[in-house]
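Each ligand, and each atom within it, is numbered from 1 in the order the structure gives. Note that the structure is a prediction, hence the values are computed from the model and not measured.
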Amino acid sequence: MTARLVVLISGTGSNLQALLQACADPAYGATVVAVGADRDGIAGLEIAAAAGVPTFVCRVRDFPQRSEWDRALTDHVARYRPDLVISAGFLKLVGEHFLAAFEGRYINTHNALLPAFPGIHGPRDALAYGVKITGATLHFVDAGVDTGPIIAQVAVPVLDDDTEETLTERIKQAERRQLVEYVGRMVREGWTIQGRKVTIP
Ligand code: GAR
C-alpha cells in the first residue's frame, strides 16, 4: 500500500519538489496527498499545483489565538489521513493539538547538524560561529525548537569563501537527498522511537 504524505511548506519548496519526483516512481512507496502552507504566494504552492496536488493555506494571523490556528492546521492535515507529515521548510512551530494528533509521525528537515544551530537561520548561524562542518538533520518534531529524536544526519563542509547563500545551497543539495532516502525507507520499512533513539529496521 502506498503511504500518504502531507507536506508543510513556507517557501521555495525544493524539498517538496524532490519528494514529488521520488513519489512518481511507484516503487518509492509514497504519494504526496496534500501540501499545506502558512502563507500565500510562495513558489512551493505553485510546485504543488503544477503537480496536481491539493493545497491549503492556514495563516496564523487569520485566527484570534495561536491555539485556534493550531487546531485549524490539525484539521486541515487530518482531513488527508496522512501516514507521515513532513515539515519541509515550514517555519511555524505547531502547538499541542497538532502534536497530540501527529507526534511520532511528524518530521522536520533542518539545515544544520542538531543540536547545533536550531531555529530559522541554521546556515547563517553556522557561518557566524566558524564551524568547518555543518549539514542537515531529519528529526521527529516534539514541543521544542528542533529538539526531537534524530532520524538521520548528513555532513556538509563549510568552505573558506562561503556566503550564507552558497552554504545554504550546498546544504540543501545534501538535505534533499537525505529527505528522499529516509522518507522512502520509513514508509517502506516502518520505524520505532525508543526515548531519543530512532530505528528504521
Ligand atoms: C530547508 O533548507 C530547511 O532545512 C529550512 O528551510 C529550507 C526550505 O527550503 N528549514 C528551516 O530553516 C526550519 N528550521 P525549500 O523551501 O526549498 O524546501
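- Every pair passing salt bridge (Lys or Arg N to Asp or Glu O under 4.0 Å) that includes a residue from residues 165-179 is listed here, sequence neighbours excluded: D162-R170, E169-R176.
- Using a 4.0 Å cut-off to heavy atoms of G119, the atoms of ligand 1 that qualify are 14 (N).
- Residues V85 and F98 form a side-chain contact, since some pair of their non-hydrogen atoms from C-beta on lies under 4.5 Å apart.
- When only non-hydrogen protein atoms are considered, atom 16 (O) of ligand 1 lies nearest to G13 N, 2.8 Å.
- Near N15, the atoms of ligand 1 lying under 4.0 angstrom from a non-hydrogen atom of the residue are 1 (C), 9 (O), 15 (P), 18 (O).
- Atoms of ligand 1 lying under 4.0 Å from at least one heavy atom of K172, given by number and element, are 2 (O), 9 (O), 15 (P), 17 (O).
- The number of heavy atoms from other shown groups lying within 6.0 Å of CD (E68) is above 12.
- Look at G44 and you'll find every heavy atom at least 4.0 Å from all atoms of ligand 1.
- Nearest heavy-atom pair, T134 versus L113, reported as atom, atom and distance to 0.1 Å: O-CD1, 3.4 Å.
- Within ligand 1, counting atoms from 1 as listed, the ones closer than 4.0 Å to a heavy atom of T12 are 15 (P), 16 (O), 17 (O).
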For residues 182-193, dump all side-chain donor-acceptor pairs below 3.5 Å to protein atoms at least two apart in sequence or in another chain.
| residue | atom | partner | partner atom | Å |
| --- | --- | --- | --- | --- |
| R188 | NH1 | Y28 | O | 3.0 |
| R188 | NH1 | G184 | O | 3.4 |
| W191 | NE1 | G104 | O | 3.2 |

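- Among protein heavy atoms, the minimum distance from atom 4 (O) of ligand 1 is reached at E175 OE2, 2.4 Å.
- Which parts of ligand 1 touch G89 is read off a 4.0 Å heavy-atom cut-off, strictly below it: atoms 6 (O), 8 (C), 10 (N).
- Note on ligand 1: L91 sits in its first shell, one or more heavy atoms being nearer than 4.0 Å.
- Listed by number with element, the atoms of ligand 1 under 4.0 angstrom from any heavy atom of H110 are 4 (O), 14 (N).
- When the side chains of ILVMFWY residues are joined at heavy-atom separations under 4.5 Å, either directly or via intervening members, V60 and F63 end up in a single hydrophobic cluster.
- Ring-plane geometry between H139 and H110 is classed as perpendicular, the angle between the planes exceeding 60 degrees on a 0 to 90 degree scale with a lower cut at 30.
- In this structure, the side chains of I9 and F90 stay at 4.5 Å or more apart for every pair of heavy atoms.
- Protein heavy atom nearest atom 5 (C) of ligand 1, with residue, atom name and distance: N111 ND2, 3.6 Å.
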